[in-house]
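Numbers for residues simply follow the sequence, beginning at 1.
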Amino acid sequence: MMQAETLNRFNRIVSIFIHLQAGRVVRAQELAQRFQVSLRTIYRDIKSLEAAGVPISGEAGIGYYLMEGYRVPPTMFTPEEVNSFVASEKLMQKFSDKNLSAHYESAMFKLKSVLRGQTKDRVTTLENQVWINTGHDVFNDQVPNALNILLDSMAEKKQVTIRYQNLHAEEIVERIIEPIGVFNENNFWYMMAFCLLRQDYRQFRTDRIFYIAKTEKSFSKKHSPELIDDYRKAMETQQEKTKVVIKIDKDMARYLGTGKKYYGFISEKVKKDSIEMTFMTTDIQESFARWFMMFADKAEIIEPDSLKERIAEITAAINIKLR
């Protein structure tokens, strides 16, 4: 029992040391919550690190940090951590722009250089056995460094110039923006930014950006990170939604997967040979109707009648072209 407690304390102290290397100032309360121990235990562990010669600055109630320049590379990784490295690398290759992906690949080479023996063999094996396909481009090939520029802009509080094409417009417009956040939704990257022309916050999809450049002009105002959630919630509230209920064969329903969430999926009821699905959609005439056509022969529209009429129109147009 005593050996187990000693080993747990040793592992915790090493983890605290690594945590200190990862951030500027770390509060004792944050460490206590992470390791599920008391503040008194954290204070004791910090003193143990100091006694071992680790130059820790700070104090209780404010936070702790390592003296600038003091770093020891964590060369020992668990199998689970190695698994996460490989998965992260594959995701970065597919879900980030070429520039940021290249930087991540460079960082991974440095990480792999400190791996030894079975750990290095594990990475080599897994790299050839993990594949990720996005099904579409998440960034425009003309702007291979878009995400990197956006991150730099947010960190340095510098304005950005973009040329952007809206989904429903043919012309490409130029805007000066102040990015406040990026997020990934339904496999697309979006940017939330303050548009200087509109003097309001707008949402931009990264694959519709045809040009991007960071300027030397500082942000015109202070932007709170919480604005992203507030703006998105407001957008959802403002958008008029229509309730749609369809019944789909069980065998077909499993192929819809998580994609149905993109069309406003709310809930489902399992029937004998079918599944009744309820949606709240913002575009019943085009987006939802054309998605429904993909499996229309295996489904039935319960409501509304306007969707039935739209499907009939699309079907009639198809029949005319096939004659």
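Relative ring orientation between H223 and F219 is described as perpendicular, the plane-to-plane angle rising above 60° on a 0-90° scale split at 30° and 60°.
A cation-pi arrangement is not found for K243 relative to F279, the charged atom failing to lie both closer than 6.0 Å to the ring centre and inside a 45° cone about the ring normal.
The shortest side-chain heavy-atom distance between D273 and D249 does not fall under the 4.5 Å cut-off. In this structure, the side chains of R202 and M192 stay at 4.5 Å or more apart for every pair of heavy atoms. Side-chain atoms of L256 and I248, non-hydrogen and from C-beta on, do get closer than 4.5 Å to each other. The shortest side-chain heavy-atom distance between F194 and K221 falls under the 4.5 Å cut-off. When side chains are defined from C-beta on, S218 counts as touching K158, because their heavy atoms get closer than 4.5 Å. Residues E276 and E268 are not in side-chain contact: their nearest non-hydrogen atoms beyond the backbone lie 4.5 Å or more apart. Between F292 and I301 there is a side-chain heavy-atom pair separated by less than 4.5 Å. For the pair P304/I284, a side-chain contact is recorded, criterion being any heavy-atom separation below 4.5 Å from C-beta on.
Evaluated for a ring pair (Phe, Tyr, Trp, His ring centres under 6.0 Å) with F183, the options F204, Y190, W189 yield exactly one hit, Y190.
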Problem - CA sep, side-chain torsions, deciding dist, call: D200, R198, salt bridge (charged side-chain N to carboxylate O under 4.0 Å, His left out) - result: CA-CA 5 Å; D200 198 0; R198 303 300 183 190; over 6 Å; no
Practice task
Could you check M293 against I314 for side chain to side chain contact (heavy atoms under 4.5 Å, CB included), going step by step and ending with a plain yes or no?
Solution key: CA-CA 9 Å; M293 288 293 294; I314 296 174; 4.0 Å; yes
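Surrounding NZ of K214 are more than 12 heavy atoms belonging to other residues, nucleotides or ligands, all under 6.0 Å away.
Formation of a donor-acceptor pair under 3.5 Å by the S274 side chain with backbone atoms of V270 is not found in this model. Listed for the K250 side chain is a donor-acceptor partner under 3.5 Å among the backbone atoms of K272. Side-chain N or O atoms of T215 include one that pairs as donor or acceptor with a backbone N or O of Q159 at under 3.5 Å.
In this structure, CD on E178 lies 14.0 Å from NZ on K222, to the nearest 0.5 angstrom.
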